[in-house]
Amino acid sequence: MTRLSVNIDHVATVRQARRAAEPDPIAAAVICDLAGAHGITCHIRGDRRHIQDDDLRRLREVVTTHLNVEMAATARMLEIARRHRPDLVTLVPEREGEVTTEGGIDAARLRRRLSRHITALRRSRIAVSLFIDPQIEQIEAAAALGVGMVELNTNAYASAGSDRARARAYDAFVAAAARAEELGLQVAAGHGLTVRNVAPIADVPQVFELNIGHSIIARSIFLGLGEAVAEMLDAIGA
Ligand code: PXP
């Protein structure tokens, strides 16, 4: 069974639009849990545009399933990870001014810097995943870095402009997932997934967990959050 970790960043985006107290991402985490989600994901960005430091503290108190925190590989973020001790840290690239994460981290090129950072996290007994593009070179670099898990970026698949491009992106995803398994890596996936496009990705046997945010939170405005989580669980066959 594929697990669903709901990314609640955009609940905080709405709150931060008015620097108000609501909607509270911690309340969202509780509703996701009640609706059957297997975990909660959030991304603490350098610019704090959505999730704030205090949200992490409160999420750590409330989330008893699995808390995955996405962050850049910086000294400040290492400190934050050590303070709040999520179940998993997913290292992502972050570019100032980007609307959303634009691609996977370049594990092959950044090997030396990532290696120091991953070692520090693992010494603090925090599990580490790398968000990477579904390319064999990146999978092999991630395995060489000693992480236990990778999150494969599904953006190329989700945003493909034609059936042909989508099929090509899907084939690359399937090959990357197979190589990750051969190298002993657990496989998560996410970015741009919706109830309409998620099933083929959920059906890839190596995919253990999906991290899905924007579509669930967008649909929750009309359906309610519990219902939006339930329809995604249904779409992934969980
Ligand atoms: N995985 C990672 C690493 C991300 O940065 C994001 C977006 O914050 C997601 C998954 C979720 O993507 P989406 O919001 O498009 O579902």
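Whatever order the structure lists them in is the order used to number ligands and atoms, beginning at 1.
Atom NE2 of His191 is separated from atom CD of Glu151 by 8.5 Å, given to the nearest 0.5 angstrom. Atoms CZ and CG, on Arg45 and Asp9 in that order, are 8.0 Å from each other to the nearest 0.5 Å.
With hydrogens left out, the protein atom closest to atom 5 (O) of ligand 1 is Thr101 OG1, 2.8 Å, a heavy atom. For atom 6 (C) of ligand 1, the nearest non-hydrogen atom of the protein is His191 CD2, 3.7 Å. In terms of protein heavy atoms, atom 15 (O) of ligand 1 is closest to Gly192 N, 2.8 Å.
The closest non-hydrogen atom to atom 4 (C) of ligand 1, taken over Glu98, Glu70, His10, Met232, comes from Glu70. Considering Thr41, Asn155, Asn153, Asn211 only, the shortest heavy-atom separation from atom 11 (C) of ligand 1 involves Asn211.
By the 3.5 Å distance cut-off applied to N or O atoms, Glu151 is counted among the residues near ligand 1. Residue Gly213 places at least one N or O, backbone or side chain, under 3.5 Å from an N or O of ligand 1.
Listed by number with element, the atoms of ligand 1 under 4.0 angstrom from any heavy atom of Val92 are 3 (C). Contact atoms of ligand 1 toward His214: 13 (P), 14 (O), 16 (O) (distance under 4.0 Å to a heavy atom of the residue).
Ion pairing of Glu182 with Arg179 is present here, as a side-chain N (NZ or NE/NH1/NH2) and a carboxylate O approach within less than 4.0 Å. A salt bridge is absent between Glu98 and Arg49; no separation between the charged side-chain nitrogens and carboxylate oxygens falls under 4.0 Å. Ionic pairing of Arg76 and Asp53 is present here: one or more N-O contacts between side-chain nitrogen and carboxylate oxygen are shorter than 4.0 angstrom. Salt bridge annotation for Arg58-Glu61: absent, with no cationic side-chain nitrogen under 4.0 angstrom from a carboxylate oxygen.
The two residues Tyr170 and Pro200 come nearest to each other via the heavy atoms OH-O, 2.8 Å.
Asn7 counts as a contact of ligand 1, since one of its heavy atoms falls under 4.0 Å from the ligand. Heavy atoms of Ser215 come nearer than 4.0 angstrom to ligand 1 in no pair at all.
For Thr41 and Asn68, the side-chain atoms include at least one donor-acceptor pair closer than 3.5 Å.
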